[in-house]
Amino acid sequence: MRKAQDIIGLPVIEIETGKQIGTAKDFLIDHDWNLQGVLLETKHWFSAPRYVKWEAVIALGTDAITIPSELEVQSLEDDQELCYLEYGATRIKGLPVITVSGNQLGMIEDVYFGEQWGRKIVGYELTEGLLSDLKEGRKWLPTPESIKIGEDAIIVPVSSESDLQDVPTIQ
């Protein structure tokens with residue numbers, strides 16, 4: 001598994017020329033919890049956000065993200081109904097995860113995706129705050145069969161409470 005936080009900040013390199021196209025700033029996620037793209041750092045204050053569609057990513061290495069060519073970089077349209085992991089009005093990080101029965105399991109701190117860096121998010125790292133993180137550690141929630149991104153919270157089934165685990169060690 002890979003954590004999104006380990007990818008953010010990596011250079012995005014086109015393999016055609018070896019040129020750095022940008023730096024990964026964030027991930028774009030749809031409402032079905034599929035990764036849709038990698039948001040790039042903007043070069044100027046008022047420039048339009050740019051991203052690379054997930055399908056165009058060749059590899060997520062430990063030191064760089066590779067794409068075929070700069071032609072894969074697109075402008076992000078305002079009408080796209082996507083969520084951001086860290087930035088924007090529809091960001092997921094920091095949202096509370098609440099069961100249908102009203103119990104809060106923690107707040108989203110990071111997301112994980114599978115070994116083959118497929119599109120589907122496979123789990124969530126939850127925090128209950130700095131003191132709790134230091135005292136008890138963060139928790140990991142495998143993706144439940146039903147999960148809804150709400151305006152102010154992430155809603156999960158009651159069974160998610162028993163699915164909480166210690167954060168996995170990533171190798």
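Taking 4.5 Å as the limit, every side-chain heavy atom of L40 sits out of range of all side-chain heavy atoms of K25. Contact check for L126 versus I108: side-chain heavy atoms found under the 4.5 Å cut-off. Contact annotation: the side chain of Y112 approaches that of V167 to within less than 4.5 Å [non-hydrogen atoms, C-beta and beyond]. Contact of the V97 side chain with the Y124 side chain is not registered, since no non-hydrogen atoms from C-beta on lie closer than 4.5 Å. The shortest distance between side-chain heavy atoms of I7 and F113 falls below 4.5 Å.
Minimum interatomic distance between G106 and E128 (heavy atoms only, all atoms of both residues): CA-CG, 4.1 Å. Annotation for L60 and R2: closest pair O-NH1, 2.7 Å, computed over non-hydrogen atoms. Nearest heavy-atom pair, E72 versus A56, reported as atom, atom and distance to 0.1 Å: OE1-CB, 3.3 Å.
Atom CG of D152 and atom CG of L95 lie 7.5 Å apart (nearest 0.5 Å). Note: E70 CD to I21 CD1 = 4.0 Å, rounded to the nearest 0.5 Å.
In the hydrophobic clustering of ILVMFWY residues, with side-chain heavy atoms under 4.5 Å counting as a link, I155 and I121 come out apart.
No hydrogens or angles considered: a donor-acceptor pair under 3.5 Å links the side chains of Q5 and E86.
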Quiz item: Where do V12 and V73 land on the side chain to side chain contact (heavy atoms under 4.5 Å, CB included) test, with the steps shown first?
Solution: CA-CA 10 Å; V12 177; V73 177; over 6 Å; no
Exercise. Could you give me the CA-CA distance, side-chain angles and deciding distance for W54 and L28, then say whether side chain to side chain contact (heavy atoms under 4.5 Å, CB included) is met?
Key: CA-CA 9 Å; W54 193 251; L28 300 171; over 6 Å; no
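Within 6.0 Å of CZ in R138 there are more than 12 heavy atoms belonging to other residues, nucleotides or ligands.
V156 pairs in a side-chain contact (heavy atoms from CB on, under 4.5 Å) with only one of the listed residues (V100, N103, L105), which is L105.
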